[in-house]
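Structure, as structure tokens:
Only this structure's heavy atoms are used, side chains among them; waters, hydrogens and symmetry mates stay out. From a predicted model like this one, the values you see are computed outputs, not experimental measurements.
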Amino acid sequence: MSAVTQSQAHAYEVALFGEFFPRDLKAVLNRLTLHTESATFMHTREIVFEHIGAQALAQSGSQGEEPVLLRAKKELGNGKESGWTLSSYLKPESVRVHPEATVRPWAVCEVIGDALSFASALGYVRRSQIYKRGYAFRRGPLIIQMFQQEQADLKTSLPIPAHAGTLWEVEVKTAAQVNTTAPAAGQVQVNTVRTAVDAVLEVQLIMKGLLDLRRQDI
């Protein structure tokens, strides 16, 4: 059985998304490089799981709350595989509450050993699998990923190189921790979700005219 360590709970993930044609790669890459602190090559494998009970409900036609998905992620960059991380993937908060960015409840933990078997032991089954190849940028607390999706070979599960014309995707993400305790005397409770939204909106402004970053309800 796999073990879970370094559990790290965050209240919300705050994100913006965009995509562009390969012909704009150099321009987008240059602008992001200019306005970020670091850039590295990225190649990740991502597997999305859903609870086996959710499939049964869908087959029966029952209506209820949207099921919690699990996303398993492993970094493959530079020829060295990292360990797996598991994150919850819940429905975004209402657009009426957060019209400017995608804000969703979120938690993540690192897994030692076989994360896929661990997810199965929790009652989850594999829903989809993709690879992402491109670049990862850091801007303060933000992680900006720019990548093309690669599909997995059905027999070997290895990545199939993306076609030259495949769209590039961009994800601008950060985590916001919410303090649920009352502030001590003389302290001001900071709205970290608002701070995180403002941070991703700064990137939206920086990329204006070249890349349309927007809220995405998935």
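There is a path of hydrophobic side-chain contacts, each under 4.5 Å, that joins Ile206 to Val170. In the hydrophobic clustering of this structure, Met42 does not group with Val108; members are Ile, Leu, Val, Met, Phe, Trp, Tyr whose side-chain heavy atoms approach within less than 4.5 Å, directly or through other members. Both Leu201 and Leu32 belong to a common hydrophobic cluster when Ile, Leu, Val, Met, Phe, Trp and Tyr are linked at side-chain heavy-atom distances under 4.5 angstrom. Under a hydrophobic clustering in which Ile, Leu, Val, Met, Phe, Trp and Tyr are joined whenever their side-chain heavy atoms come within less than 4.5 Å, directly or via other members, Ile160 and Ile130 fall into different clusters. Under the 4.5 Å side-chain heavy-atom criterion for ILVMFWY residues, no single connected hydrophobic cluster contains both Phe17 and Phe147.
Residues forming a side-chain hydrogen bond (donor to acceptor under 3.5 Å, both in side chains) with Gln216 (at least two apart in sequence, or on another chain): none. Residues passing the side-chain hydrogen bond (donor to acceptor under 3.5 Å, both in side chains) test with Glu46 are Arg71, Lys132, sequence neighbours excluded. Applying the side-chain hydrogen bond (donor to acceptor under 3.5 Å, both in side chains) rule to Arg139 yields the partners Glu202; only residues at least two apart in sequence or on another chain are considered. With sequence neighbours left out, the ring pair (Phe, Tyr, Trp, His ring centres under 6.0 Å) criterion links Phe49 to no other residue. Take Arg215 and apply the side-chain hydrogen bond (donor to acceptor under 3.5 Å, both in side chains) test, not counting sequence neighbours, and it matches Asp217.
Looking at Ser117, its side chain never comes within 3.5 Å of a backbone N or O of Asp114 through a donor-acceptor pair. Without hydrogens or angle criteria, Glu50 side chain to Arg127 main chain gives no donor-acceptor distance under 3.5 Å. For the pair Thr33 (side chain) and Leu29 (backbone), a donor-acceptor distance under 3.5 Å is present. The backbone N or O of Ala107 lies less than 3.5 Å from a partner atom in the side chain of Ser88, making a donor-acceptor pair.
Using cut-offs of 30° and 60° on the angle between ring planes, the pair Tyr135 and Phe41 is perpendicular.
Residues Arg45 and Trp84 meet the side-chain proximity criterion, which asks for heavy atoms closer than 4.5 Å. The closest side-chain heavy-atom distance from Pro159 to Gln151 is not below 4.5 Å. The closest side-chain heavy-atom distance from Leu210 to Val28 is below 4.5 Å. Between Glu150 and His43 there is a side-chain heavy-atom pair separated by less than 4.5 Å. At least one side-chain heavy atom of Leu213 sits under 4.5 Å from a side-chain heavy atom of Val203. Counting heavy atoms from C-beta outward, Ser87 and Trp106 have side chains that approach closer than 4.5 Å. Using a 4.5 Å heavy-atom cutoff, the side chains of Leu76 and Tyr131 are in contact. Contact of the Leu116 side chain with the Ile47 side chain is registered, since non-hydrogen atoms from C-beta on lie closer than 4.5 Å.
When every heavy atom of Gly140 is checked against every heavy atom of Arg138, the shortest pair comes out as O-CG, 3.6 Å. Nearest heavy atom pair, residue Arg214 against residue Asp212, reads NH1-O, 3.1 Å. Closest non-hydrogen pair, Met146 versus Trp168, comes out as O-CZ3, 3.7 Å. Of all heavy-atom pairs between Ala164 and Pro22, the closest is O-CG, 3.4 Å. Heavy atoms only, all atoms of each residue included: Val200 and Ala101 are closest at CG2-CB, 4.1 Å. For the residue pair Leu25 and Phe20, the shortest heavy atom distance occurs at CA-CE1, 3.6 Å.
Under a 4.0 Å N-O distance rule, the pair Lys73/Glu110 does not qualify as a salt bridge.
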Val48 vs Leu70, test: side chain to side chain contact (heavy atoms under 4.5 Å, CB included). Steps then yes/no.
CA-CA 6 Å; Val48 174; Leu70 289 182; over 6 Å; no
Set out, in order, the CA-CA distance, both residues' side-chain angles and the distance that settles side chain to side chain contact (heavy atoms under 4.5 Å, CB included) for Gln145 and Phe137, then state yes or no.
CA-CA 6 Å; Gln145 294 188 339; Phe137 305 85; over 6 Å; no
Step by step, work out the side chain to side chain donor-acceptor pair (under 3.5 Å) result for Glu169 and Gln148.
CA-CA 6 Å; Glu169 300 177 45; Gln148 288 179 310; over 6 Å; no
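Taking CD1 of Ile143 as the reference point, atom CD of Glu171 lies at 12.0 Å (rounded to 0.5 Å). For the atom pair CG (Asp198) and CD (Gln204), the distance works out to 11.5 Å, reported to the nearest 0.5 Å.
In this structure, Leu154 places its CG atom where only 12 or fewer heavy-atom neighbours from other residues, nucleotides or ligands lie under 6.0 Å away.
Note on residues 19-43: no pairs pass salt bridge (Lys or Arg N to Asp or Glu O under 4.0 Å), not counting sequence neighbours.
Cation-pi geometry between Arg104 and Tyr89 is met: under 6.0 angstrom from the ring centre, within 45 degrees of the axis.
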